[in-house]
2 protein chains.
Amino acid sequence: MFPGKMDIEKAPRRGRPPSGGREQILTATLELLRERGVARTTTKDIAARAGVSEGSIFYHFGDRSGVLLAVFQQVHQPLTALREAGLGDLDLAAALDRFIAALETFLGDSLIVFYAAHADIDLREPVHKYLSDNQMGPHKGVELLGGYLAAAQQRGEVRAGIDTRAAAFMILGTCQMRMSQMTLIGNDRGLPTRKQVVENFMAMLAP
Amino acid sequence: MFPGKMDIEKAPRRGRPPSGGREQILTATLELLRERGVARTTTKDIAARAGVSEGSIFYHFGDRSGVLLAVFQQVHQPLTALREAGLGDLDLAAALDRFIAALETFLGDSLIVFYAAHADIDLREPVHKYLSDNQMGPHKGVELLGGYLAAAQQRGEVRAGIDTRAAAFMILGTCQMRMSQMTLIGNDRGLPTRKQVVENFMAMLAP
DNA sequence: GTCTATAGGTTGATAGAC
DNA sequence: GTCTATCAACCTATAGAC
């Protein structure tokens, strides 16, 4: 189904080397998703933009949903990086800043794909499956940041009465709101800056 | 374009009374949007579910986008109510609870329509125009709640160092996150309850 | 792996009767 | 206001050559 994935091997190459068509299809699809939305992104459009034939799309991804799901997966890569890097022993402000920066970069790319998944029933199922198979979802971010905040609370950097999990959830929500307004409305008028978000959250957490 | 809207008049009725087809079309469209998303909601489907002919849809709304935009407008009605009612002189916990309840009810209905607007380029423009023409958008909620919080801060119920506008934005974001997970994932596992959100926000604001 | 050609099915929208 | 009938345009997917 995904021949391109098979290329990770050490044996000497055989046959014609891949010409990058697969990646071009993915890139073209993401662009079109941004520009016109899923509902108006056809395999024909994708082929034209990627500079390949329509047949090539079906060869690589099986069907239209296959392309869309592949885009969805590709866009999730950066998140794994953050998850693995962790927040370590950064101080509160630095940890918040790093987490928010990484999350917002990710959301800036992926929100449009999330929305797409809910605008097309053919995508909902596979996307849900992918998320649960890989144990992904907002709760992962809540765990990561919430865990850090709980530790900070024990160090006395966060007030005792605060539910660190719920607080982490609020941060996630704030990021989502910021980025969804950026993607949806296309500007940041009226939005608190990232710096303001960090500072204000600090003020609300501080003992 | 919208003949049904003309019925608000005192003069005696003339001609055949409307048979409610317009409303049924709107209801059917919203249902289908939920069930399968914009990309898979055709005028044919809508007609079938509403129990009218396809021609009727074009008569009432001009074209497909017209129906979708009308749904978008209809779903925004409840917000106006909250805006007019205001938060008055409720105490902090009660005000938060009321605001969040109203906002989440609204979001539960409207998020899917928002997503739809970004999955179909034909909807983006008219939706943006509608929002700016009616001065709607998240900033309105930020103003309303932020204003209340600022007053509470002056009464000494909210800590001095906190930026009430940014705090209000965080509340909006938290609600959006909660509701988008409900609509997108379809359950509330791992989500803080509304009660927890209120309580935790209180803990973070309290002097 | 990539292309061309095309089959087979849908879709949005219009026309005209009632 | 609502319906039936209809069409041209368009879309996904397949087949088979290179």
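Note that the structure is a prediction, hence the values are computed from the model and not measured. The sequence lines fix the lettering, A, B, ..., with proteins before strands; numbering per chain opens at 1.
The distance between atom CZ of B:Arg36 and atom C1' of C:dT11, rounded to the nearest whole Å, is 14 Å. As rounded to whole Å, 18 Å separates atom P of D:dG1 from atom CZ of B:Phe58. As rounded to whole Å, 10 Å separates atom P of D:dC3 from atom CD of B:Gln24. Rounded to whole Å, atom P of D:dC11 lies 12 Å from atom CG of A:Leu32. For the pair A:Arg64 CZ and D:dT14 P, the computed distance is 15 Å after rounding to whole Å. Between the CZ atom of A:Phe61 and the C1' atom of C:dT2 there is a distance of 14 Å, rounded to whole Å. Rounded to a whole Å, the CG atom of B:Asp122 is 14 Å from the C1' atom of C:dA13. Between A:Ile57 atom CD1 and C:dT4 atom P the separation is 13 Å, expressed in whole Å.
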List the atom pairs, donor and acceptor, that lie under 3.5 Å between side-chain atoms in residues 136-154 of chain B and the rest of the protein, sequence neighbours left out.
from	atom 1	to	atom 2	distance (Å)
B:Tyr148	OH	B:Leu90	O	2.4
B:Tyr148	OH	B:Asp91	O	3.3
B:Tyr148	OH	B:Leu92	N	3.2
B:Gln153	NE2	B:Arg159	O	2.8
B:Gln153	NE2	B:Ala160	O	3.1
B:Gln153	NE2	B:Ile162	O	2.9

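Less than 6.0 angstrom separates the ring centroid of A:His76 from the ring centroid of A:Phe72.
Within residues 41-55 of chain B, the residues having any heavy atom closer than 4.0 Å to DNA chain D are, in order of number, B:Gly51, B:Val52, B:Ser53.
Looking at B:Glu35 and A:Ile121, their side chains never come closer than 4.5 Å, going by heavy atoms from C-beta outward. For the pair A:Leu107/A:Cys175, a side-chain contact is recorded, criterion being any heavy-atom separation below 4.5 Å from C-beta on.
For CD of A:Glu125, the number of neighbouring non-hydrogen atoms (other residues, nucleotides, ligands) closer than 6.0 Å is 12 at most.
For B:Asp63, taking side-chain heavy atoms from C-beta onward, the closest of the listed nucleotides D:dG1, C:dA13, C:dT2 is C:dA13.
One finds a side-chain N or O of B:Tyr59 lying less than 4.0 angstrom from the OP1 or OP2 phosphate oxygen of D:dG1.
Sorted by first then second residue, the salt bridge (Lys or Arg N to Asp or Glu O under 4.0 Å) pairs that include residues 162-172 of chain A, not counting sequence neighbours, number zero.
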